[in-house]
Structures are given as structure tokens and as C-alpha cells.
Amino acid sequence: MNRLIFLGTGDAMGVPRVYCDCLVCTEARTTGTNVRLRSSVLIKSETEDFMIDCGPDWRRQLELRSLRFIPTILVTHAHFDHIGGLPEWADACRWTGNRGRLYAPQEVIDTILRQFSWLPGNLDLIPVDQGVQLGGWNIRGWRVNHGKNGYAYAYRLEKDGFSWAYCSDSIGLNEAEILPLHNLNLLVLGTSFYHEEAEYATRSVYDMLEAQELVGRLKPGSTVFTHMSHDVDITYNYGLLEGISLAHTGMSLPLE
Ligand SMILES: O=c1ccn([C@@H]2O[C@@H]3COP(=O)(O)O[C@H]3[C@H]2O)c(=O)[nH]1
């Protein structure tokens, strides 16, 4: 029953990128295998389902799974591709007479409130700096380097001896930031490109080659790359280390 479902696996612009006619974007517009909504996941458990992140594709993501409501969302950081759906979620709460519960570190809540000051009308915004329990998972977040974009948070979730982490937006993690990623059954890691050639100072997310090095060190039980840009064709065999796979919309993994 404990399952992880990928609702979105794309980077900030999603795939296809609106301005782009590259092969991957063209495939996404035609066959559609590479269509990627902005990154978020649904965690299903016996007691409570919750999402991580609420990007601008939130509404479409719920429609695609025939979900009519989600009461609880944990947020990694206050960038548009991770919070752009919050006003729609709050409106859905208003129309259904529910109060949503948004969990995030206090500094993320502060940034969200500067952008969407009206959310507390329909959402409780609850700090998780001391950790939180959702769906029976003991969850701890920590700040991770997000390169030119500053910082995001990653989350480690533990229940009944199963440990996994969601780290969608990070790059060049230092030893302290890497520490909570040890001894995982599953690592979900953001990798925007296979090999990103842009100057390092302009980058914000691991590429697959760098991420693979990290995975080689950490040796989680398995690894799923997400947050992928139009650089990545998920039908292509990149020859990644055994145990690494690429996420796709609707991918469902057991968390036990
Ligand atoms: O202060 C900021 C900075 C950036 N952003 C968004 O987050 C995205 C992160 O990836 P990107 O760098 O490709 O594009 C960025 C923007 O879309 C934001 O909402 N607030």
C-alpha cells in the first residue's frame, strides 16, 4: 500500500518547452512519450496520501489520476515550478469547504506568503523545521545547494525500516548535505540534463553524469532520476549504472 507515484518528472519549463522544436520536444508534441509535467510526486499510504510539491501543472496532474482533492502537500522550495499550483489548490479548498495543509520549512513558508499572501484563507501553513510525520512516515528535511538558484530542501522519509529520499533540485552537494542520503532503499534525484555543458556558475541541478557519480558513492538500493529537461529522451538507453532508472508520468514504486 505504501507507494510512490510520479505525477510530474520535468524541469522548470516542462517538456515540450513552449519555444522549442528540438527532437525531444517534437516527440513530446506527437507521440508524447517525453511529455513531462513539472516535478511532483504522490505518496500513498494506509492512513493519508500526500504530495510533494505543487507546481503549475497541479490541476492537470490531479485530473490525469482522477483525483478530486488532496488535503496535504509538502513543499521543497518556493520556486514557481514547485509552488505555482498553490493558488489553485487553495481555491479548490475554498470550493470544497476543506482546509489544506501545506508543510514546508519556515523560510519557504515566508517566501510563499510574500508571493501568495491570501493562501492562509484556505490553507494551514505548517513549519517542518523540526521534522514532521505524514502518512506514518517520519520526515526530515534539510537545505541543499541549488546552485545559481540558491537553496532548496530535500526530504528523507522513514517508515518500518524503509528509507527513501526526494531531492529534486540540487547540485554539487557538500559532505554535510550528502550525509542524510546515506543508507537509502530508494533515492529520487533531480537531473535536468544528461551532460549539461553550460558554465557551472549558471547551473542549478545535477546532470546525470554527476548524479551517477554520487549514486556510485551512496549506493542506494535503487535510484530514480526525475526533474528532467528536454535534453533527455526517456526512450534512449544512456547506459547508466545498474539500479538507476528514469522516472515517467504515472510510474508507481512500492515504498516497502
Ligand atoms: O527566485 C526565483 C528564481 C527562479 N524561479 C523559477 O524557478 C525555476 C528554477 O529553474 P530555472 O532556473 O530553470 O527557472 C526558474 C524559474 O522559473 C522562481 O520561481 N523564483
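The figures here come from the full heavy-atom set of this structure, side chains too, leaving out hydrogens, waters and symmetry mates. Ligands are counted one by one from 1 in listed order, and the atoms in each one are counted from 1 as well.
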Where does the angle between the aromatic ring planes of His77 and His146 fall among parallel (under 30°), tilted (30 to 60°) and perpendicular (over 60°)?
perpendicular
Running the 4.5 Å side-chain criterion over Ile, Leu, Val, Met, Phe, Trp and Tyr, what cluster does Leu37 land in, apart from itself?
Leu64
Verify side-chain contact (heavy atoms from CB on, under 4.5 Å) between Leu102 and Trp89, making sure each step is shown before the conclusion.
CA-CA 10 Å; Leu102 185 163; Trp89 179 38; 3.9 Å; yes
Strictly by modelled atom types, are Asn34 and His248 linked by a side-chain donor-acceptor pair under 3.5 Å?
no
Using modelled atom types only, decide if a donor and an acceptor are shared between the side chain of Trp142 and the backbone of Glu177 within a distance under 3.5 Å.
yes
For ligand 1, give me the residues whose heavy-atom distance to it is below 4.0 Å, by chain and number please.
Ala12, His79, Phe80, Asp81, Lys148, Asn149
Treating Ser117 as the side-chain partner and Arg114 as the backbone partner, does any N or O pair qualify as donor plus acceptor under 3.5 Å?
no
